[in-house]
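Residue numbering restarts at 1 for every chain, and letters A, B, ... go by the order of the sequence lines.
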Number of protein chains: 2
Amino acid sequence: MNVDDLKSSTGEWLKGVGNQSDIVISSRIRLARNVAGRRFVNRASDEERTELEVLLRDAIRDTGLLEDMLYLNLAKVEPIDRQFLVERHLISREHAGAEWQRGVALTRSERASLMVNEEDHLRIQMLSSGLEMEKLWASIDELDTALESRVDYAFSDKYGYLTACPTNVGTGMRVSVLMHLPALVVTDEIQRALRSLMATRFTVRGFYGEGTQAVGDLYQISNQATLGVREDELIGEISGVVMMIADYERRIREAIMERNRTAMEDCAWRSFGLLAHARTINSEEALKHLSKVRMGVNMGVISGLSVARLNEIFLWTLPAHMQKLEGRELDPERRDCVRARYIREQLAQPSKS
Amino acid sequence: MNVDDLKSSTGEWLKGVGNQSDIVISSRIRLARNVAGRRFVNRASDEERTELEVLLRDAIRDTGLLEDMLYLNLAKVEPIDRQFLVERHLISREHAGAEWQRGVALTRSERASLMVNEEDHLRIQMLSSGLEMEKLWASIDELDTALESRVDYAFSDKYGYLTACPTNVGTGMRVSVLMHLPALVVTDEIQRALRSLMATRFTVRGFYGEGTQAVGDLYQISNQATLGVREDELIGEISGVVMMIADYERRIREAIMERNRTAMEDCAWRSFGLLAHARTINSEEALKHLSKVRMGVNMGVISGLSVARLNEIFLWTLPAHMQKLEGRELDPERRDCVRARYIREQLAQPSKS
């Protein structure tokens with residue numbers, strides 16, 4: 001398997017299935033681990049990093065838990081393919097851009113990705129469509145345990161797992177859930193809904209992580225603390241918080257359909273019309289309108305289009321994906337035209353409500 | 001012939017034909033005339049107004065110049081039909097709303113309309129698609145001469161025709177041309193283009209006359225002075241001014257097509273997409289987007305749609321027209337939904353570029 005083999009799939013996190021998938025796009029768990037007795041990646045020498053890469057690559061392979069595994073030494077991967085992996089949430093932007101020996105182990109399903117020599121020696125990540133925290137936790141815990149029997153993790157009895165950045169010390173675990181909240185946004189209820197998070201261990205960010213704005217009505221809920229809270233508690237708590245917000249979004253959707261159905265239909269269909277006819281569009285605007293169409297599909301006013309298909313359109317109109325689709329480099333201006341053409345073609349035979 | 005007979009036509013001024021019709025929507029000449037020895041309409045008694053109405057109605061009929069003439073006593077016309085006539089530019093808003101004896105003589109082609117007891121005893125109006133000032137002048141002059149041989153007009157050798165408002169004294173003539181200037185608007189060249197009018201006898205207003213904003217990139221050029229300038233001079237001058245502005249618009253359109261074709265196509269098609277899918281839309285927004293689609297049709301990027309068809313959509317989505325189409329009164333909210341549905345249906349089988 002190589003990077004191009006991933007082209008035939010949409011990626012686990014965009015399948016549009018799973019629990020609460022009308023509102024929850026995807027769930028993710030990430031564990032930060034380091035090898036005992038080695039310097040953290042940013043302090044290590046090139047030789048140490050190379051040693052670590054080999055050590056961890058082999059340990060991962062030896063677990064035998066990753067089905068149809070692909071291991072990539074990122075230094076040997078083309079920039080466009082690294083960006084492609086970033087867009088699929090399989091590696092981080094930082095990992096793609098680093099300038100030392102580093103790698104990633106992937107499964108064909110794209111549920112698991114293990115980054116070697118990212119900020120920590122090892123970052124184990126599991127992704128799933130919908131709200132599937134318990135299942136993810138079971139899988140990642142099994143994988144982590146299997147690795148722990150092969151690698152001596154840096155661990156302190158007092159603090160827990162030791163990590164390059166103090167914010168990850170403890171469980172080294174980050175749980176996050178990506179939610180689609182168009183009704184809360186359109187009714188300006190979103191701030192109220194998110195304010196309830198202040199009393200919890202969780203925080204909210206826009207799509208594409210820290211410091212980014214909420215584009216496309218997408219919000220990412222994740223934990224702040226990694227110290228002094230057990231993994232299974234965190235899993236239970238985030239599921240509860242997410243279900244509470246999802247219920248809020250669902251109630252608002254129902255209220256809109258009852259009191260202001262026309263405005264909702266109008267909003268969804270105008271976005272459909274724009275996407276189906278624009279001649280140039282950037283990814284952010286495309287995402288914004290795909291969000292409204294998705295809302296229309298979820299609320300039953302646009303039929304004959306699936307959420308999975310919309311997700312596919314979204315994924316394939318990201319810059320690296322589009323360039324792989326076209327088989328050539330595209331400057332941003334040309335990219336916006338190709339994106340618009342691709343979306344038009346995809347929406348050309350829609351069913352009407 | 002009655003008002004409903006007009007329903008089968010689009011009206012002369014929206015035919016989308018004639019000179020410079022890629023930019024000039026319509027031309028209009030209006031003459032203000034009063035009967036000698038009678039008080040102006042606003043000072044006259046009800047008896048005098050009734051007498052005037054009969055006198056002028058008969059005089060108009062006797063000329064025999066109005067083909068298939070319809071004479072309407074507006075006091076007997078339903079408000080919805082009066083509004084319908086306003087939307088067709090056949091009577092003024094003030095004439096529709098006045099509360100005394102008044103009437104209008106129309107031709108089936110909608111080229112001519114003669115308002116009796118508007119601000120003046122008689123307002124003769126001729127309308128045409130495109131830039132057709134000379135032809136209009138020949139027709140209106142013939143009609144005016146024929147009337148003058150039957151009615152003793154209030155005329156002063158020193159001032160010319162006497163009118164209720166001093167701004168019309170002299171020729172009593174107002175010439176106006178409605179222009180569609182989307183390229184000048186989109187490139188912000190419009191102010192510069194219109195500034196050149198400052199040195200002329202002409203002024204510019206937004207669509208729907210004095211005090212209204214330029215909606216849908218529509219601008220109305222008309223004369224200010226009626227005193228001290230001969231009719232044929234005015235006709236020649238306005239044609240010159242309009243052709244100058246039309247050339248400016250045309251040059252900018254060509255420059256856009258050369259340098260920024262995609263942006264132009266994008267703008268036109270996005271408006272098409274919005275119109276083809278919106279579930280609720282008010283007339284102003286509809287006009288705004290119809291304007292962009294019209295630009296796309298005129299510039300050859302949207303095919304299979306004629307300007308005449310767009311004009312028809314525009315006319316039939318005005319409030320009174322829509323209510324006549326639906327055969328019932330509609331509150332504004334319902335009207336916006338019916339308008340959106342009508343536009344969707346009209347654009348449902350477009351040709352793609």
For a salt bridge (charged side-chain N to carboxylate O under 4.0 Å, His left out) check, start with the C-alpha distance between B:Glu265 and A:Arg344, then their side-chain angles and the critical distance, and finish with the verdict. CA-CA 14 Å; B:Glu265 292 179 341; A:Arg344 282 203 311 280; over 6 Å; no
Pairs meeting criterion side-chain hydrogen bond (donor to acceptor under 3.5 Å, both in side chains) with involvement of residues 181-191 of chain B, two or more places apart: B:Glu189-B:Tyr248
By salt bridge (Lys or Arg N to Asp or Glu O under 4.0 Å), B:Asp331 pairs with (sequence neighbours left out) none
Any chance [atom1] of [X] has more than 12 other-residue heavy atoms, nucleotides or ligands included, within less than 6.0 Å?
X	atom1	answer
A:Arg192	CZ	no
A:Glu326	CD	yes
B:Arg259	CZ	no

Closest non-hydrogen atom pair between B:Thr280 and A:Asp266, with its separation: N-OD1, 3.0 Å
With a 4.5 Å cut-off on heavy-atom pairs, point out which of B:Ala340, B:Cys337, B:Ala268, B:Gly273 contacts chain A the most. B:Gly273
Distance from B:Leu275 atom CG to A:His277 atom NE2, nearest 0.5 Å? 10.5 Å
Nearest 0.5 Å, what's the CZ-CH2 distance between A:Arg279 and B:Trp269? 5.5 Å
